[in-house]
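Basis for what follows: all heavy atoms, side chains included, without hydrogens, waters or symmetry-related copies. Order of the sequence lines sets the chain letters (A, B, ...), proteins ahead of strands, with each chain counted from 1.
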Amino acid sequence: MNERQRLANLLRNCSKNLLLDQGMQAHGTVMKMGLGFDLMLSNDLIDMYGKCGRTGMACAVFDRMPERNVVSWTALMCGYLQNGNAKGSLSLFSKMGLSEIKPNEFTFSINLKASGFVGIAENGMQIHNMCTKSGFEWVTVVSNSILDMYTKCGRVSEAARMFNVMPVKNLITWNAMIAGYTLKGNGERALLLFRQMQGMGEVPDEYTITSTLKACSGLGAIRQGSQIHSSLITRGFLCSVRTMIAGALVDLYVKCSHLTEAQRIFDQIEQKNLVSWSALILGYAQECNLLQAMDLFRQLRVSIHHQVDGFILSSLMGVFADFALVEQDEAEKLFNETPVRNVISWTIMITGYGKHGLGRKSIRLFHQMQSEDIEPDGVTYLAVLSACSHSGLVEECQEYFSRLCHDRWIERNVEHYACMVDLLGRAGRLKEAKNLIDSMPLKPNVGILQTLLSACKVHGDLEIGREVGETLLRLDGGNPVNYVMLSNIYAEAGYWKECERLRKLFKMKGLKKEAGRSWVEIDKEVHFFYNRDETHPLTEKIHQKLKEMEQRIKSEIGYVHGVRFALHDVEEESKEESLRVHSEKLAIGLALVCGEVEKGHKTIRVFKNLRVCGDCHVFIKGLSKVLKVVFLVRDANRFHKFENGLCSCGDYW
DNA sequence: CTAGGGTTAG
């Protein structure tokens, strides 16, 4: 074997096994031997550098070549694509179009994949056209790539058309189509196809199984999912491809809330990968079992086999934010540790700060991500808008909204408008909010109308409130919340007859308000309370404590009951009494009785399933001042951070 | 010598 061939084999081996150092050495030898201009060796070098993540070097080799063939171009594009630079590959593709060299099936499939990555269908369709004209369309690899490109660009029906007319299908064709349906939330279709392919004697592989399991978990189809699971066991499939499928199985049971089964499978996995770890950790977090989730995370960190990645760190950031741990800067620490931050990890972080009323920090991150060349998408905009709105940053919010409107790559949805309605509503600019809804190019949904109605309630706007409220009763007549809000508005305006009418309607429809429930964690034990709950053994002491606190607040800062908040509930409640026994107050009372303050805790965390009542809001503000303690209350709507007599929500709960 | 399909996060 001559030296040239030996070097080529060496380079291919380095490329295959990602041996950068050895590859660079071989590069040196190539140059020393005077083979720097050899076409085949240069192509191998481009491939090797691309695979090893050195696109700069690949590019340098490419640029120095006196002549290039289609392989040189394609290898470089592939390098770009595999290192996440899909646009780079596409621009090389257009550059190549200006040269004499014609693309082949390899070039096409790489750039179809790149188009799918970028997600713009028009771009991919152009390449599809070129495939048709050059006769590559029905080369199976190319048709598969076209099909996949369409699903990634959200054109599932185009993909299905391709699937139906393809003269030759292979396993990859089926897999791509099943994955496409799954990705676009059409799980039923995916399962149908899965059965169909088996009916045609096609044998599924690990790709098929993982996509199909994902379809099941998306549908919450535990029965079908576990059927596949058991068929895997009987066919002995699990032994050979355990790690591949395990993540999807863990996720399936997690999504269906079968944590015990998820844990059981997880324990059986011999080589656990990060996917299964993160699926299980998030499963526990989703069940509000923060202790178990954190414990698993600690185990993951000390296990030597795993380098914690950006994916799991950013998921956990979201968990921390939801459990109000942003205060301890846990999420921020994780964020700084995250090796590769993408648009999702940034968005999680922006959302986290937004939920805690730290709008300025959200804005700072929003700019920082762009300075690091990560482009925001629709969800990012939603995060920053909602952060601004929750922090009352009116001008900023309007500015980002108009930026969003001018960005033609991002689709606006009702949620974006709902943020603006919330913002205007807080500011008492209800007419403008109403106009925005009336003039927006989208159909208003129940959520945005409820946002407006709730603003009407806060500002006591009868005129708009009545109109929106009555609309909501028509659109969403089964939802108790609408009755309560509207009847509050009527009552405050003194429209008692209307109140009575709503109360009757409410009873007639057999509706029930969701029972208010709060909980607090003390010494690693969670205590739950309903309104008027007297089942806790310390109930008497709790009532005593609350009375004592009321007195203190009254005498020290002149607190009065905000009785208006309880006056007009649809169900009858005695005012004074009901105010004293709201579940959130009981939970706080218990924390005080148990001496959480004396133990030196600076922060007391309370959770509530509904929104915090207005009177309790006033009360907790007072408490935070006289006790010099921070209360962090997570309710159905947002976090409230009570500190020194003020609340982060600026009294707009 | 270059290529196509899957699992965990907002």
Side-chain angles (χ1 to χ4, degrees), chain A residues 5 8-9 11-12 15 38-48 50-51 69-79 81-82 103-113 116 136 139-149 151-152 170-180 182-183 204-215 217 241 243-252 254-255 273-283 285 309-319 321 338 342-352 376-380 382-383:
Chain A
Q5 196 57 52
N9 291 342
L11 282 171
R12 282 165 218 175
S15 159
D38 185 280
L39 181 60
M40 179 183 74
L41 287 176
S42 299
N43 288 348
D44 283 331
L45 279 167
I46 294 173
D47 174 54
M48 182 276 293
K51 292 283 190 309
N69 63 7
V70 62
V71 178
S72 333
W73 285 91
T74 308
L76 187 59
M77 292 171 192
C78 184
L81 183 59
Q82 292 191 334
N104 62 11
E105 65 268 42
F106 292 79
T107 328
F108 281 128
S109 66
I110 286 172
N111 286 289
L112 283 162
K113 189 177 180 179
F136 282 103
V139 176
T140 312
V141 172
V142 175
S143 340
N144 285 345
S145 304
I146 294 171
L147 191 162
D148 185 58
M149 177 276 294
T151 69
K152 298 270 160 48
N170 61 14
L171 183 56
I172 293 178
T173 320
W174 288 95
N175 288 351
M177 199 63 237
I178 290 175
T182 306
L183 189 71
D205 67 358
E206 59 267 44
Y207 285 87
T208 328
I209 301 291
T210 42
S211 288
T212 308
L213 285 173
K214 189 190 177 180
S217 62
V241 284
T243 6
M244 290 284 209
I245 296 174
L249 271 178
V250 173
D251 180 56
L252 168 76
V254 159
K255 293 268 161 60
N273 64 6
L274 278 174
V275 174
S276 10
W277 276 96
S278 66
L280 189 62
I281 291 175
L282 289 169
D309 72 348
F311 201 104
I312 198 160
L313 287 178
S314 44
S315 329
L316 275 166
M317 279 164 5
V319 172
T338 308
N342 59 15
V343 59
I344 298 182
S345 19
W346 283 98
T347 306
I348 292 173
M349 215 46 204
I350 293 171
T351 307
D377 62 13
V379 187
T380 321
L382 189 61

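- Rounded to an integer number of Å, the gap from CG of A:Asn175 to P of B:dT7 is 11 Å.
- Side-chain to base pairing of A:Asn104 with B:dA3: no donor and acceptor N or O lie closer than 3.5 Å to each other.
- In terms of heavy-atom proximity, A:Pro103 sits nearest to A:Val70 at CA-CG2, 4.3 Å.
- Counting heavy atoms from C-beta on, the side chains of A:Asn144 and A:Thr140 come closer than 4.5 Å.
- The minimum heavy-atom distance between A:Ile146 and A:Leu112, with the atom names listed, is CG1-CD1, 3.5 Å.
- Both thresholds, 5.5 Å between centres and 30° between ring planes, are not jointly met by A:Tyr207 relative to the base of B:dG6, so the two rings are not stacked.
- Among the protein residues, A:Ile110 comes within range of the sugar-phosphate backbone only, with heavy atoms under 4.0 Å from sugar or phosphate atoms but none that close to a base.
- Using a 4.0 Å heavy-atom criterion, one finds that A:Ser143 contacts no nucleic acid atom at all.
- Evaluation of atom-type donor-acceptor distances gives no pair under 3.5 Å for the side chain of A:Ser109 against the base of B:dG4.
- Minimum interatomic distance between A:Cys78 and A:Lys51 (heavy atoms only, all atoms of both residues): SG-NZ, 4.3 Å.
- As a whole-Å value, the separation of A:Leu274 CG from B:dA9 C1' is 13 Å.
- If you check distances only, the side chain of A:Ser315 never reaches the base of B:dA9 with a donor-acceptor pair under 3.5 Å.
- Per the geometry, CH2 belonging to A:Trp174 stands 17 Å off P belonging to B:dG6, to the nearest Å.
- Checking B:dT8, B:dG5, B:dT2 against the side-chain heavy atoms of A:Asp251 singles out B:dT8 as nearest.
- Nucleic acid contact class of A:Thr212 (heavy atoms, under 4.0 Å, all strands): none.
- Close to B:dG6, at under 4.0 Å from its OP1 or OP2, lies a side-chain N or O of A:Lys152.
- No side-chain donor-acceptor contact under 3.5 Å links A:Asp148 and A:Ser145.
- Atom-to-atom, CG of A:Leu171 to C1' of B:dG4 comes out at 12 Å; the value is rounded to the nearest Å.
- Protein atom NZ of A:Lys255 is 8 Å distant from nucleotide atom C1' of B:dT8, rounded to whole Å.
- If you run side chain to side chain contact (heavy atoms under 4.5 Å, CB included) between A:Thr74 and each of A:Ile46, A:Asn111, A:Ile110, only A:Ile110 comes through.
- For A:Lys113, the side-chain atoms get nearest to B:dG5 when compared with the rest of B:dG10, B:dG5, B:dA3.
- Within 4.0 Å (heavy atoms only), A:Val343 reaches at least one base atom of the nucleic acid.
- At whole-Å resolution of the value, CE in A:Met149 and C1' in B:dG4 are 13 Å apart.
- Across the protein-nucleic acid pair, A:Lys51 atom NZ and B:dC1 atom C1' stand 10 Å apart, rounded to whole Å.
- On a pure distance criterion of 3.5 Å, a polar donor-acceptor pair joins the side chain of A:Asp377 and the base of B:dG10.
- Nearest nucleotide to the A:Ala176 side chain, out of B:dT8, B:dG10, B:dG5: B:dG5.
- At a cut-off of 3.5 angstrom, the base of B:dG5 holds no donor-acceptor pair with the side chain of A:Thr173.
- Side-chain to base pairing of A:Thr210 with B:dT7: no donor and acceptor N or O lie closer than 3.5 Å to each other.
- In this structure, A:Trp73 forms no aromatic stack with the base of B:dT2, since the conditions of centre separation below 5.5 Å and plane angle below 30° are not both met.
- Separating the CG atom of A:Asp44 from the C1' atom of B:dC1 is a distance of 5 Å, rounded to the nearest angstrom.
- Residue-level contact check: A:Thr351 touches neither bases nor backbone, having no heavy atom under 4.0 Å from any strand.
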